[in-house]
Amino acid sequence: MERLLPSVCPFDCPDTCGLLVKVREQRVVSVSGDPEHPFTRGFICQKMRHYPERIHSPERLTQPLLRGGAKGSGAFRPIAWEEALDIIERQITQTVARHGAEAILPYSYAGHMGLVQRQAGDAFFHKLGASRLERTICGTTAGLGFSHSLGRGPSTDIESTVDSDLILIWGSNTLTTNLHAWPFFQEARRRGARLVVIDPYRNRTAQRADQHLMLKPGTDAALALAMMNVLIGEGLLDRDFIARHTLGFEQLAQRAGEWPPARAAQVCGLEAGQIVDLAQAYGQARAPYIRTGFGMARQSRGGMAMRAVALLPALVGAFQCPGGGITRTTGEAAPFNLKALTRPDLAPPGVRAFNMVQLGRALNQAQPPVRLLYVYLCNPAVVAPDSSQVLAGLMREDLFTVVQEMFLTETACLADLVLPSACSLEMTDLYRAYGHYHVQMARPLIPPPGQARPLLGVFQELAGRLGFTEPVFRAGEEEIISWLLQGGSPYLEGITLEALAQGRPLRVNAPANPYASGFLTPSGKVEFYSQSMADLGLDPLPEGAPSQDDEGLGRYPLQLITPPRHQFLNSTFNEVPALVAQAGPAAILIHPRDAAARDIADGQEVRVFNGRGQCLLRARVSQETRPGVTVAEGLYWGRHTPGGQGINHLTSQVLADLGGSCAFHCNLVEVAPRQ
Ligand SMILES: Nc1nc2c(c(=O)[nH]1)N[C@H]1C(S)=C(S)[C@@H](COP(=O)(O)OP(=O)(O)OC[C@H]3O[C@@H](n4cnc5c(=O)[nH]c(N)nc54)[C@H](O)[C@@H]3O)O[C@H]1N2
Ligand SMILES: Nc1nc2c(c(=O)[nH]1)N[C@H]1C(S)=C(S)[C@@H](COP(=O)(O)OP(=O)(O)OC[C@H]3O[C@@H](n4cnc5c(=O)[nH]c(N)nc54)[C@H](O)[C@@H]3O)O[C@H]1N2
Ligand SMILES: [Mo]
């Protein structure tokens, strides 16, 4: 018998799609988009169409595996769960006894976004007194930069952009990373809106835009300041909004005065006229809208870039008009009571913390050393920067590594013990999105294969063995979800367990315009001048100096950005052969001028290198990037590249200016024909 059942896409993407899953005899036959989900609207991405292949893959892990040969040799032997849990329990108790609990480090991110399973280990590691992990790898720089200007909380609803007349997609590749926003932007275009992409290369979205401004990476703050210069100089301002809702306009005007378009044009690699045109269009639009991606924030001065861009809507009063505004994330419209699950109160005070971007340092330089690394929902051997450092750390003989995974990823290959995990269609969870306002609960539709288990049960079992007795170590998924709903946020009014249990998407109670009643900054206003930045010793005004890779300055001539490849989700889907084939060989885009200067022909294998490492890639000589800028899309597993080394061999552990994220798109490299 065949059934069509609702579920939710578990991956780290703003769209968090509502799915319809066709199940026949405990196997998933197909996955499609829920036509009744207001944001999914009946279609899904290329990746998720391959989800049945992924979860029923012959490569899926079904048993615990214990290392049977040299570290990294890939030799494992299957063992029973009891034995696996015995080993972990013994490793934990011995490590704590000999070195203290801070010698243990959990390392997890967002392989699965369900709120229960994603956070399932937190209370356990807190109670244990393990070192804390600062989960900064993705959005903290973007988040802080934005909130210093506009405050915390949700930003503009993408569904409202159908009423915009000018859409700027600024450092986001909508057609790859936020696909379901596209129909809303297209609807706006049908009604007359112009769509402009601001991005260092001609990505999929730029190819379909009305205009593409191909700026140099890391120069967005200069561009934003020059736009302000024009808006102020030409009086294209909403003076009433500025007077009532902003702080520090006079100081901002002075700073923007330092950035005439000609100066910014030099920095950004654009024509002054292009900047003037963009500013005038923005100032004259009825309801201008900006979709900021993370791209501009994955730069050494990325927090400042995000802050500068986020100030533009206030100058023209864009928040006042339906369709206008700015979107960074909508996630904060669903402020679930996560602490009930993560229990930060269980952690002893003063425990040391590691920034996850600097895993290489944590494993190689921390004193006292990390002795036990517990990885789940993350693939640091591929996704973390400065891979040679990360891999050297994972190869340490005196490090015991546990990896809870669905596949033998490159991180799992370096583990001592691998635990097989259930996937989203095999467990209960609650999902919120960072690109829309709908929350949804999913229940198991099929059993996990073999002995694979959900994360929550594994951590609870370990907690039981260590004698932890708090209710969080016993509660089931649904009970935990009921705790997450407590917290009294007006946004969650009407979101009950009973309502969620229907399995349908529910819209949170967020206002259509989240800025209608002010801004969640310290002053309650848009802060052109930020006292909290001054208090941190930072420039209180937006500042236009470009980002740069200080480690490579003067040594390597080409900039390298490393955005996602369409067929992969970070490093996920490298385990689906059809998607690897569609993604094609791992490649680097290089401008014809730079290629000619290096005797590089299209299709040739090249060596890309800097002081941090190297990788071998296929050259794609193309005008889709600008002179001086190279682009390597995607997180290919190292084993899917000719040299066995992925792109993060070239990226740096140096933290961005605010919030401690990684400057993944801020690299200097050299490219040479492969000898
Ligand atoms: N298919 C697919 N979808 C995904 C992902 C994936 O891996 N694959 N990843 C998911 C995750 S975890 C996240 S966080 C989001 C990220 O999605 P986005 O918000 O789109 O962020 P990025 O993909 O990092 O970069 C977006 C664009 O920024 C550009 N960029 C790089 N440097 C600069 C700069 O200095 N200035 C400007 N203006 N642009 C710059 C890049 O060229 C790229 O086109 O996507 C999610 N969606
Ligand atoms: N160079 C470069 N590096 C980047 C980026 C970039 O743009 N450029 N993007 C960065 C960003 S934005 C992010 S968010 C990080 C993401 O980094 P990660 O969070 O590590 O992302 P993934 O590689 O998608 O997922 C990690 C693993 O989770 C596993 N997984 C999926 N579902 C489940 C499950 O239900 N149970 C278990 N146990 N495992 C599961 C997958 O098999 C996968 O191996 O990468 C960052 N790395
Ligand atoms: Mo991310």
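Bear in mind that the values here come from a model prediction, so they are computed numbers and not experimental data. Position 1 is the first residue of the sequence, and the numbers go up from there. We count ligands from 1, going down the list as the structure has it; atoms in each ligand are counted the same way. No hydrogens, no waters, no symmetry mates; every other heavy atom, side chains included, goes into these values.
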K.L.:
Who gets closest to atom 11 (C) of ligand 2 by heavy atom: Val357, Asn570, Leu425, Asn667?
P.N.:
Asn570
K.L.:
Using non-hydrogen atoms of the residue, decide whether Lys216 is closer than 4.0 angstrom to ligand 1.
P.N.:
no
K.L.:
Students should be able to answer this: which protein heavy-atom is nearest to atom 35 (O) of ligand 2, and at what distance?
P.N.:
Ala422 O, 3.2 Å
K.L.:
Ring of Tyr107, cation from Arg135 - is the NZ or CZ under 6.0 Å from the centre and inside 45° of the axis?
P.N.:
no
K.L.:
What distance separates Asn173 CG from Leu179 CG, expressed to the nearest 0.5 Å?
P.N.:
10.0 Å
K.L.:
Tell me which one of Cys423, Ser571, Gly646 gets a heavy atom nearest to atom 23 (O) of ligand 2.
P.N.:
Ser571
K.L.:
Please classify the Asn203 to ligand 1 contact at 4.0 Å (heavy-atom distances, strictly less than): side chain, backbone, both or neither.
P.N.:
side chain
K.L.:
For atom 26 (C) of ligand 2, which candidate among Cys378, Ser421, Pro448, Ala120 holds the nearest heavy atom?
P.N.:
Cys378
K.L.:
Considering Glu405, His649, Met406, Arg135 one by one, which has a heavy atom nearer to atom 42 (O) of ligand 2 than any of the others?
P.N.:
Glu405
K.L.:
Quick one: nearest non-hydrogen protein atom to atom 45 (O) of ligand 2, plus distance?
P.N.:
Val383 CB, 3.4 Å
K.L.:
Mark up the atoms of ligand 1 that fall under 4.0 Å of a heavy atom belonging to Gln299, in ascending order.
P.N.:
32 (N), 33 (C), 34 (C), 35 (O)
K.L.:
Have a look at Asn574, Thr572, Val382 and point out the one with the heavy atom closest to atom 24 (O) of ligand 2.
P.N.:
Thr572
K.L.:
From the options Leu223, Asp220, Ile169, select the one whose nearest heavy atom is closest to atom 37 (C) of ligand 1.
P.N.:
Asp220
K.L.:
Any idea which atoms of ligand 1 are less than 4.0 Å away from a heavy-atom of Cys138?
P.N.:
14 (S)
K.L.:
What do the steps show when you test Phe11 against Phe573 for ring-ring contact (aromatic ring centres under 6.0 Å, His included), and what is the final call?
P.N.:
CA-CA 11 Å; Phe11 291 113; Phe573 292 105; 5.2 Å; yes
K.L.:
Quick test: of every protein heavy atom, which one is nearest to atom 27 (C) of ligand 1, and how far off is it to 0.1 Å?
P.N.:
Asp199 OD2, 3.2 Å
K.L.:
Classify the angle between the aromatic ring planes of His640 and Trp637 as parallel (below 30°), tilted (30 to 60°) or perpendicular (above 60°).
P.N.:
parallel
K.L.:
How far is atom 30 (N) of ligand 1 from its nearest protein heavy atom, and which residue and atom name does that atom have?
P.N.:
Pro200 CD, 3.6 Å
K.L.:
Would you mind telling me if ligand 2 is within reach of the side chain of Gln117, the backbone, both or neither, using heavy atoms under 4.0 Å?
P.N.:
neither
K.L.:
Which heavy atom of the protein is the closest neighbour of atom 8 (N) of ligand 1, given with residue, atom name and distance?
P.N.:
Phe568 O, 2.6 Å
K.L.:
If you count the atoms of ligand 1 from 1 in the order shown, which ones are under 4.0 Å from a heavy atom of Ile561?
P.N.:
42 (O)
K.L.:
Using heavy atoms and a 4.0 Å limit, tell me yes or no: is Tyr434 in contact with ligand 1?
P.N.:
yes
K.L.:
For Ser388 and His649, indicate whether the former's side chain and the latter's backbone hold a donor-acceptor pair under 3.5 Å.
P.N.:
no
K.L.:
Checking the N or O distance criterion of under 3.5 Å, is ligand 2 in contact with Thr409?
P.N.:
no
K.L.:
Which is it for His566 and ligand 1 at heavy atoms under 4.0 Å: side chain, backbone, both or neither?
P.N.:
backbone
K.L.:
Test: ring pair (Phe, Tyr, Trp, His ring centres under 6.0 Å). Region: residues 205-225. Which pairs qualify, not counting sequence neighbours?
P.N.:
none
